[in-house]
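Note: hydrogens, waters and symmetry copies are ignored here, and every other heavy atom, side chains too, is used.
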Amino acid sequence: MAKEADPDHGLLQGTLDLLLLRALRLEPLHGYGVTQRLGQITEGTCRFQAGSVFPALYRLEREGVLKSHWARTESGRRAKYYALTAAGRRKLEREQRNWERIALAVARVIDAT
């Protein structure tokens, strides 16, 4: 069974933002599309629930790192699509650098004898 990703269970605080921004790096996606892309990228290791993804998308939009527009999905339903702003691309770069530092530090601790 896949582990559920939730900012309060298993992910370091702030990691969800990084993953959402990364998922939106290539093209605009609606919220469900973001969860699907993250599931594909993690090969099902993590499942991202609407209860954590949508509030984070709304918050990131309020912060100005995402912009949105309404459009029709592939199945013809109306959905809100999210895309990175210039500020969002800068935040993604900062978040990635920070994550790389954290991952290196954790690896050092794990590898320490």
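Residues Pro55 and Gly51 approach most closely at CG-O, 3.3 Å, considering heavy atoms.
Evaluation of the salt bridge (Lys or Arg N to Asp or Glu O under 4.0 Å) test over residues 104-113, restricted to residues two or more places apart or in two chains, returns none. For residues 63-93, the ring pair (Phe, Tyr, Trp, His ring centres under 6.0 Å) pairs, not counting sequence neighbours, are His30-Tyr81, His69-Tyr81. Pairs passing the salt bridge (Lys or Arg N to Asp or Glu O under 4.0 Å) check and including a residue from residues 94-105, sequence neighbours excluded, read Lys91-Glu95. The salt bridge (Lys or Arg N to Asp or Glu O under 4.0 Å) pairs that include a residue from residues 48-74 are Asp17-Arg59, Arg59-Glu63, Glu61-Lys80, where partners are two or more places apart or lie in different chains.
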Per-pair distances, 0.1 Å, donor-acceptor, side chain in residues 19-29, under 3.5 Å, sequence neighbours excluded:
unit_1 : atom_1 : unit_2 : atom_2 : d
Arg22  : NH1    : Gln96  : OE1    : 2.9
Glu27  : OE2    : Arg37  : NH2    : 2.7

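Every residue two or more places apart in sequence or in another chain was checked for a side-chain hydrogen bond (donor to acceptor under 3.5 Å, both in side chains) with Tyr58, and none qualifies. Residues satisfying the side-chain hydrogen bond (donor to acceptor under 3.5 Å, both in side chains) test with Thr42, not counting sequence neighbours, are none.
From Thr35, atom OG1 reaches atom CZ of Phe54 across 6.5 Å, with rounding to the nearest 0.5 Å.
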Using the rule given for side-chain contact (heavy atoms from CB on, under 4.5 Å), can you reason through Val65 versus Leu84, listing the C-alpha separation, both sets of side-chain angles and the distance that settles it, and then say yes or no? CA-CA 6 Å; Val65 296; Leu84 293 178; 5.9 Å; no
Give the C-alpha distance, both sets of side-chain angles, the deciding distance and a yes or no for side-chain contact (heavy atoms from CB on, under 4.5 Å) between Leu16 and Phe48. CA-CA 9 Å; Leu16 181 59; Phe48 296 83; 3.9 Å; yes
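Residues Leu66 and Thr85 have side chains not in contact (no heavy-atom distance under 4.5 Å, counting atoms from C-beta outward).
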